[in-house]
Participant: 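Have a look at the structure that comes next, please.
Given the structure is predicted, the values throughout are model-derived calculations rather than measurements.
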Amino acid sequence: MRALLIVGVQLGYTVIFGWYATFLLIRTGNLLCPIIAHVFCNMMGLPVFSSPRTKGAALVAFLAGSIAFFWLLFPATSPELYNSSFDRCSCWHGFCNWK
C-alpha cells in the first residue's frame, strides 16, 4: 500500500509539472522556458509543508510562494516577452490572422 501511495504522489506531481511545462511552451513559444523550469524543479525537489524545525514557517513560505506563482503566471509568460515577430498578432504561433 505504501508503494502505491508513493507512486501515486510521484505520478500526480509529474502530471502537474507536465501540464505546466506544456503551458510554458505553448504560451511563450520558447523551448528554453520549460527546460529552465525543469532544471529548477529538479534542483528544488518536492516542497516541505511543515517541519518541527521550522514551526510553520515552511507552510507560510509555501503559501506565499503559491500566491505569487499564480499572481505572476500570465504576466511572466506573456508572448510579447519572448518573441518580437508578431505581424500584428498577439500570439507567437500566428494563428490569430488565419481566415
Participant: Would you compute the distance between atom CD1 of Ile35 and atom CG of Asn30 and round it to the nearest 0.5 angstrom?
Facilitator: 8.5 Å
Participant: Can you give me the closest heavy-atom contact between Leu81 and Ala76, atom names plus distance?
Facilitator: CD1-O, 3.8 Å
Participant: If you round to the nearest 0.5 Å, how far is CG of Leu25 from CG of Leu32?
Facilitator: 11.0 Å
Participant: Which atoms form the tightest heavy-atom contact between Pro34 and Phe17, and what is the distance?
Facilitator: O-CZ, 4.5 Å
Participant: At their closest point, which heavy atom of Tyr20 faces which heavy atom of Ala37, and how far apart are they?
Facilitator: CE2-CB, 4.1 Å
Participant: Mind checking side-chain contact (heavy atoms from CB on, under 4.5 Å) for Thr77 and listing every partner two or more places apart, or none if nothing turns up?
Facilitator: Phe23, Leu24, Arg27, Thr28
Participant: Shared ILVMFWY cluster between Phe74 and Phe70, side chains joined below 4.5 angstrom?
Facilitator: yes
Participant: Hey, what do you get for CG (Leu11) to CD1 (Ile6), rounding to the nearest 0.5 Å?
Facilitator: 13.5 Å
